[in-house]
Number of protein chains: 2
Amino acid sequence: MAEVTTGLSIGQVAERTGLSVHALRFYEHEGLFVNPVRRGPGGRRVYSQDDVEWLTVCIILRASGMPLHALRRYADLVREGAGNAEERLMLLREHQAHVTAQIGRLTECLDLIRFKVGVYEDLLDPGSPTARQCHAPSPSADKEQAPTKSISS
Amino acid sequence: MAEVTTGLSIGQVAERTGLSVHALRFYEHEGLFVNPVRRGPGGRRVYSQDDVEWLTVCIILRASGMPLHALRRYADLVREGAGNAEERLMLLREHQAHVTAQIGRLTECLDLIRFKVGVYEDLLDPGSPTARQCHAPSPSADKEQAPTKSISS
DNA sequence: CTAGGATCTAGAGTCGGCTGTAGGTCAACC
DNA sequence: GGTTGACCTACAGCCGACTCTAGATCCTAG
């Protein structure tokens, strides 16, 4: 229980967030931090536990495809303090919709990929332990011409 | 039933694939087509129905995050003809794994986002018709310090 | 016959998100 | 007291995937 509120160097934060020191300076430059990063002797950055927690939120939002400018907007709102909860909520909901849509799109793509994987599996091992009833990518059962020939691709 | 096997101009293909004419030329330049795109009088590109079908596959693979170099690799394999099914299968399986992982990651992120959305919804309308039993992002129920304070972000 | 629009090639520019480099400061160790 | 090693600023460079521009060619319609 020694260094609980000690303050961390940029290197330490890089290590425990997985971001590079470059990225950390870049994020700061881009105004992504809610509180200005403190400086220690010699002008070195000193990160608080809160900074690190905020960063982990940033990382998750980034990982889900939120662009930096949106993240900055969110940081701006949080920095402003209470009274803009509606705006924060809107921003988050918008992002939620994006992520949900993206998951949907990926899932659709996965159908095609699975279908193709199935085709090649059967091709390579027709004594199929993999013999499902049907390989067709279920959703697009429309008037698309038979996928018989797309075996060649 | 007039233009079934007619051959399409680059503009027509752009229109029906959603790709730009620029992107179509770029894709060709990058070797993403299985068959060289035919040329009509005056050196103009003439796309076949097969080309368009291949493009739609490309679009789906791209939309699921496959980088162009992998797409080119796949096109190379298909162009080579039969006999490399294992390699095609490997490539597809690898991509399938990426997409699956990405969906997983996005779904995790969505948990946090939903949690935060829930927090702000409650904050704005505490007479909650949205009063779920609990907002906590289910998976990470570890020793993380209480999310009480992250209400501020 | 000429004007407009679609196309062509080749190459430059853009954008997001970092990453790398140059040149300098500072504290600690041998 | 000299050498690491971590850090600092400022800015250039990179990567992927297009997108735009310039200048030429070609087809069709009026």
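In what follows, chains are A, B, ... by sequence order, proteins preceding strands, each numbered from 1. These values consider heavy atoms only, across backbone and side chains, with no hydrogens, waters or symmetry-generated copies.
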Chemist: So, does Y27(A) get its side chain near the phosphate of dG17(C), meaning an N or O under 4.0 Å from OP1 or OP2?
Modeler: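 Checking Y27(A) against dG17(C): no side-chain N or O falls below 4.0 Å of OP1 or OP2.
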Chemist: Rounded to the nearest Å, what distance is computed from the CG atom of residue L19(A) to the C1' atom of nucleotide dC18(C)?
Modeler: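 These atoms are roughly 11 Å apart.
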Chemist: Figure out the CD/P separation between E30(A) and dT9(D), and round it to whole Å.
Modeler: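 Computing the E30(A):CD to dT9(D):P distance gives 15 Å.
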Chemist: Does a sphere of radius 6.0 Å around CD in E30(A) hold more than 12 heavy atoms from other residues, nucleotides or ligands, not counting ones at 6.0 Å or beyond?
Modeler: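 Count over threshold, so yes.
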Chemist: Show the atom names and distances, to 0.1 Å, of all donor-acceptor pairs under 3.5 Å that link a side chain in residues 98-107 of chain A to residues at least two apart or in another chain.
Modeler:
unit_1	atom_1	unit_2	atom_2	d
T100(A)	OG1	Q96(A)	O	2.7
Q102(A)	OE1	R105(A)	NH1	2.6
T107(A)	OG1	I103(A)	O	2.6

Chemist: Expressed in angstrom and rounded to an integer, what is the separation of L32(B) atom CG from dC18(D) atom P?
Modeler: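 Taking atom P of dC18(D) as the reference, CG of L32(B) is at 9 Å.
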Chemist: Within this structure, what is the CG-to-P distance between L8(A) and dC7(D), rounded to whole angstrom?
Modeler: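 Spelled out: CG on L8(A) to P on dC7(D) is 11 Å.
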Chemist: Taking all atoms of both residues into account, what is the closest heavy-atom pair of T17(B) and I59(B), and its distance?
Modeler: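 Nearest heavy atoms, T17(B) then I59(B): O-CD1, 3.6 Å.
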Chemist: Of the residues in residues 58-71 of chain A, which ones touch DNA chain C at a heavy-atom distance under 4.0 Å?
Modeler: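 Listed by number, they are R62(A), P67(A), L68(A).
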Chemist: Atom NE2 of H29(A) to atom P of dT19(C): distance rounded to whole Å?
Modeler: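 Rounded to the whole Å, the gap is 16 Å.
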Chemist: To the closest 0.5 Å, what do you measure between CG (L55(A)) and CZ (R62(A))?
Modeler: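 Taking CG in L55(A) and CZ in R62(A), the distance rounds to 12.5 Å.
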Chemist: Count the heavy atoms belonging to other residues, nucleotides or ligands that lie under 6.0 Å from CD of E80(A), then report whether that count exceeds 12.
Modeler: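 Correct, the count exceeds 12.
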Chemist: Could you state the atom-to-atom distance from CD of E28(A) to P of dC8(D) in whole Å?
Modeler: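 Answer to the nearest Å: 8 Å.
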Chemist: Using a 4.0 Å heavy-atom cut-off, write out nucleotides 3-9 of chain C from 5' to 3' as B (base contacted by protein), S (sugar-phosphate only) or - (no contact).
Modeler: ---BSBB
Chemist: If you assign each of P41(A) and F26(A) to its closest nucleotide in DNA chain C, which residue comes earlier from the 5' end?
Modeler: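 Between the two, 5'-proximity favours F26(A).
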Chemist: Using side chain to side chain contact (heavy atoms under 4.5 Å, CB included), reason through W54(A) and Y47(A) one step at a time and then give a plain yes or no.
Modeler: CA-CA 11 Å; W54(A) 172 250; Y47(A) 295 86; over 6 Å; no
Chemist: What I want to find out is whether R72(B) reaches E28(B) closely enough, with some N-O distance under 4.0 Å, to be called a salt bridge.
Modeler: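 Salt bridge flag = no for E28(B) with R72(B).
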Chemist: Roughly how far, to the nearest 0.5 Å, is the CG atom of L8(A) from the CD atom of Q49(A)?
Modeler: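 Here the interatomic distance stands at 6.0 Å.
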Chemist: Under 4.0 Å between a Lys/Arg side-chain N and an Asp/Glu carboxylate O for R114(B) and E121(B)?
Modeler: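 Answer for the salt bridge query: no.
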